[in-house]
Amino acid sequence: MHGNLKWLPMVFISLFLFGCSHSSGPANELAQQSPPQSLASQGGVPCVVLFDTSFDLGEIAEDGISNVHEFKIANKGTGVLVIKKVLPGCGSSVVRFDKTIPPGGEGTIKVGLNPKGCTSNTKIKVFDVLTNDPVQDHFQLKLAGHAE
């Protein structure tokens, strides 16, 4: 008899945890849609908008100096958008980028392509961008060019 009672607390704990993790209804739906508390307490939530995610430079110079493009991005959210990092791929560089973009504002990410050392005539480089947007916390920009 006592052997059966020692499992009883574990059954109740399991049922309690299962019930809490699978609750449904308006309160749970609202919690899923709400922004993280830390961002909301900072005065709003950023929302990144990308005008374009790829650009073809066409024919590129071997010097690498003129092989740059400036991507435009916007912040349609209510909080400051922070661009944490722009990570270049091999054979590419980050010229500069706006680290913060105010709500309703626009900014740029200027990147370059260096064809030296590349064996292919067509170069496509990918840049990983990390932000504080809770929905789109990272995205990729692609820059392409064609050498003679």
Side-chain angles (χ1 to χ4, degrees), residues 9-148:
M10 292 174 69
V11 170
F12 282 122
I13 291 171
S14 298
L15 289 174
F16 175 76
L17 292 176
F18 180 79
C20 290
S21 66
H22 292 88
S23 63
S24 61
N28 192 31
E29 290 170 12
L30 182 61
Q32 290 175 356
Q33 295 173 357
S34 298
Q37 189 63 25
S38 60
L39 290 175
S41 66
Q42 294 174 2
V45 179
C47 178
V48 66
V49 175
L50 303 170
F51 293 101
D52 60 346
T53 58
S54 63
F55 186 80
D56 190 334
L57 293 165
E59 191 173 320
I60 55 176
E62 282 294 318
D63 63 8
I65 297 171
S66 59
N67 306 327
V68 296
H69 178 70
E70 194 169 80
F71 288 95
K72 292 183 181 181
I73 61 173
N75 178 8
K76 298 299 181 194
T78 57
V80 174
L81 175 65
V82 177
I83 299 175
K84 297 177 182 179
K85 290 183 182 181
V86 180
L87 305 169
C90 180
S92 60
S93 62
V94 177
V95 178
R96 69 165 194 78
F97 63 94
D98 295 319
K99 294 183 182 186
T100 59
I101 302 171
E106 293 184 2
T108 59
I109 300 174
K110 191 172 186 178
V111 294
L113 181 62
N114 183 1
K116 289 184 180 180
C118 294
T119 57
S120 172
N121 286 347
T122 300
K123 284 79 169 139
I124 300 173
K125 299 300 176 181
V126 177
F127 301 83
D128 290 312
V129 183
L130 308 176
T131 74
N132 69 332
D133 181 335
V135 175
Q136 190 169 348
D137 62 349
H138 68 281
F139 57 90
Q140 290 185 333
L141 301 174
K142 293 179 185 174
L143 188 59
H146 312 281
E148 298 176 355

Report yes or no: does [X] contribute a side-chain atom to a donor-acceptor pair with the main-chain N or O of [Y] at less than 3.5 Å?
X: D128; Y: L87; value: no
X: N75; Y: C47; value: yes
X: D133; Y: V48; value: yes
X: S54; Y: K142; value: no
X: D98; Y: T108; value: yes

For E70, side chain to side chain donor-acceptor pair (under 3.5 Å) partners two or more places apart: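 So E70 forms a side chain to side chain donor-acceptor pair (under 3.5 Å) with R96.
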
Atom [atom1] in [X], atom [atom2] in [Y]: separation rounded to 0.5 Å?
X: I101; Y: K76; atom1: CD1; atom2: NZ; value: 11.0 Å
X: I60; Y: K123; atom1: CD1; atom2: NZ; value: 5.5 Å
X: I83; Y: I109; atom1: CD1; atom2: CD1; value: 4.0 Å
X: L57; Y: L143; atom1: CG; atom2: CG; value: 4.5 Å
X: K99; Y: L81; atom1: NZ; atom2: CG; value: 14.0 Å
X: D52; Y: I73; atom1: CG; atom2: CD1; value: 11.0 Å

Only one of V49, T131, L50 forms a side chain to side chain contact (heavy atoms under 4.5 Å, CB included) with Q136, so which one is it?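 The passing option is L50.
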
One pair to check against side chain to side chain contact (heavy atoms under 4.5 Å, CB included): H69 and L113. What are the steps and the verdict? CA-CA 9 Å; H69 178 70; L113 181 62; over 6 Å; no

Do you know the tightest heavy-atom contact between [X] and [Y]?
X: S92; Y: F127; result: CB-CZ, 3.4 Å
X: N132; Y: P46; result: OD1-CG, 3.5 Å
X: G77; Y: P103; result: O-CB, 3.3 Å

Do [X] and [Y] come close enough that some side-chain heavy atom pair is under 4.5 Å?
X: F51; Y: E106; result: yes
X: N114; Y: S93; result: no
X: H138; Y: V129; result: no

Applying side chain to side chain contact (heavy atoms under 4.5 Å, CB included) to F139 and T53, what does each step give before you reach the verdict? CA-CA 9 Å; F139 57 90; T53 58; 5.6 Å; no

